[in-house]
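Order of the sequence lines sets the chain letters (A, B, ...), proteins ahead of strands, with each chain counted from 1. In this text the structure is predicted, and so the values were computed from the model without any measurement.
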Number of protein chains: 2
Amino acid sequence: MTKNSRFTVAVHALALLAIVRGKPATSDYIARSVNTNPVVIRRILGVLGKAGLVETHPGAGGGSELAKKPSDISLLEVYRLMGNVDLFPMHTQPPSEDCVCGRHIQTVLSGVFSEAQQAMEHVLDGLTIEDIELQIEELEESGLCEPC
Amino acid sequence: MTKNSRFTVAVHALALLAIVRGKPATSDYIARSVNTNPVVIRRILGVLGKAGLVETHPGAGGGSELAKKPSDISLLEVYRLMGNVDLFPMHTQPPSEDCVCGRHIQTVLSGVFSEAQQAMEHVLDGLTIEDIELQIEELEESGLCEPC
DNA sequence: GTAACTGTAACTATCTTAGTGACAATTAGG
DNA sequence: CCTAATTGTCACTAAGATAGTTACAGTTAC
């Protein structure tokens with residue numbers, strides 16, 4: 001599996017932006033919540049910004065806020081933006097063409113892999129940042145939004 | 001996501017063993033089909049052997065063969081044996097407990113992640129090495145088994 | 001006895017990732 | 001205009017994972 005946590009961090013950041021709704025959040029503020037370095041957050045917000053999910057402003061009083069409604073941001077969109085393409089890596093070197101198995105295994109596996117991956121992506125496609133936000137607020141058992 | 005190709009290689013090896021049905025295959029033979037080093041194959045066969053999927057014999061005339069029917073080996077079993085546990089890595093450091101979002105994000109995400117992973121695993125659970133073998137043989141458009 | 005195997009340890013090269021410091025550019029506000 | 005706050009981005013490091021490789025002792029068939 002892609003051994004990176006960028007999807008997790010991106011969803012965390014977007015959920016936080018949803019919770020503070022409208023008030024711009026600095027990379028430093030988000031980084032404290034995620035418990036990482038602000039540069040890591042800025043890198044991810046950069047990708048989300050180019051895709052139109054967030055708007056970011058430099059300078060004093062700057063920061064990032066959502067550019068779309070939380071209910072319009074699907075987790076699948078975020079997942080793909082974070083560079084997650086193939087769930088199952090193929091052979092590092094192409095298999096032997098001199099073998100019945102080597103000749104066809106990649107064709108067969110790519111069908112299987114894509115079916116499995118689609119099943120997973122279908123679940124992510126049915127969930128939005130709003131769902132995450134609501135579940136967090138439900139767990140907190142209060143309608144207030146005092147994130148930090 | 002799993003960043004290693006061991007699952008692919010394991011399925012390749014098992015499919016090859018299914019195709020040559022009964023005739024023991026050496027790690028060198030399998031490695032030529034996969035296009036890798038025999039030690040890489042032996043490492044994987046070692047795991048499959050401990051799990052009872054293959055039987056391996058050392059010495060001259062040795063090699064590996066399936067210990068179960070191809071139809072009794074599910075791809076999910078192989079997937080898990082290859083060390084694939086969590087599809088979606090969480091934060092590298094635990095998020096801040098001082099933040100509403102940081103406090104609950106992992107609880108919420110672990111539910112979402114497990115749902116998505118289960119959907120993927122359900123597909124793998126419905127497929128066996130026999131399915132792979134049959135698809136390969138179908139592509140080869142011949143009932144003969146001359147793998148190399 | 002010899003040749004053909006496996007199992008496994010040890011090592012290397014390569015890649016990916018997260019994290020970090022540094023600094024120019026931008027902006028708000030006095 | 002000056003200052004403080006903030007982003008974007010580059011360059012680097014440390015750590016970890018992976019595939020590949022060599023080597024060699026142990027096992028087996030003939």
Original post:
Considering only heavy atoms, which members of residues 56-70 of chain B lie under 4.0 Å from some atom of DNA chain D?
Top reply: B:Pro58, B:Gly59, B:Ala60
Original post:
Does B:Ser5 put a side-chain nitrogen or oxygen below 4.0 Å from OP1 or OP2 of D:dT18?
Top reply: no
**OP:** State which residues pass side-chain contact (heavy atoms from CB on, under 4.5 Å) with B:Ala116; sequence neighbours excluded, sorted by chain then number.
**Re:** A:Met120, A:Val123, A:Leu124, B:Phe88
Original post:
D:dT18 C1' sits how many Å from B:Asn84 CG, rounded?
Top reply: 13 Å
**OP:** Under the side-chain hydrogen bond (donor to acceptor under 3.5 Å, both in side chains) rule, collect the residues that match up with A:Asn37, sequence neighbours excluded.
**Re:** none
Subject >> salt bridge (charged side-chain N to carboxylate O under 4.0 Å, His left out) partners of residues 120-129 of chain B, not counting sequence neighbours, each pair once >> reply: B:Arg80-B:Glu121
Original post:
Can you name the side-chain hydrogen bond (donor to acceptor under 3.5 Å, both in side chains) partners of B:Arg42, sequence neighbours left out?
Top reply: B:Ser27
Original post:
Given atom CG of A:Asn37 and atom C1' of C:dG21, what is their separation to the nearest angstrom?
Top reply: 9 Å
Subject >> Phosphate-side-chain proximity, B:Arg6 and D:dA17, N/O vs OP1/OP2 below 4.0 Å >> reply: no
**OP:** Go through the structure and list residues passing ring pair (Phe, Tyr, Trp, His ring centres under 6.0 Å) with B:His91, not counting sequence neighbours.
**Re:** A:His12
Original post:
Side-chain N or O of B:Thr92 less than 4.0 angstrom from OP1 or OP2 on C:dT17?
Top reply: no
Original post:
Does OP1 or OP2 of D:dT6 have a side-chain N or O of A:Thr26 closer than 4.0 Å?
Top reply: no
**OP:** Check the hydrophobic clustering (I, L, V, M, F, W, Y; side-chain heavy atoms under 4.5 Å; chains of links allowed) and say if A:Leu139 and A:Leu134 are grouped together.
**Re:** no
Original post:
Under 4.0 Å between a side-chain N or O of A:Ser27 and OP1 or OP2 of D:dT7?
Top reply: yes
**OP:** Find the distance B:Gln93:CD to C:dT20:P and express it as a whole number of Å.
**Re:** 9 Å
**OP:** Give a yes/no answer on whether the side chain of A:Asn4 brings an N or O atom under 4.0 Å of OP1 or OP2 in C:dT16.
**Re:** no
Subject >> Given DNA chain C, 5'-ward residue of the pair B:Asp28 and A:Val39, judged by closest heavy atom >> reply: B:Asp28
Original post:
Whole Å only: how far is the CG atom of B:Asn35 from the P atom of D:dA19?
Top reply: 14 Å
Could you list the donor-acceptor pairs under 3.5 angstrom formed by side chains in residues 50-71 of chain B, with sequence neighbours left out?
from, atom 1, to, atom 2, distance (Å)
B:Thr56, OG1, B:Ser64, OG, 2.8
B:Lys68, NZ, B:Asp72, O, 3.4

**OP:** State plainly whether one hydrophobic cluster holds both B:Tyr79 and B:Val47, where clusters connect Ile, Leu, Val, Met, Phe, Trp and Tyr through side-chain heavy atoms under 4.5 angstrom apart.
**Re:** yes
Original post:
Can you name the residues that form a side-chain contact (heavy atoms from CB on, under 4.5 Å) with B:Asn35, not counting sequence neighbours?
Top reply: A:Gln93
Original post:
For the pair made of CZ in A:Phe7 and P in C:dA18, what is the distance, rounded to whole Å?
Top reply: 14 Å
Subject >> Residue-level proximity of residues 41-53 of chain B to DNA chain D when a heavy atom falls under 4.0 Å >> reply: B:Arg43
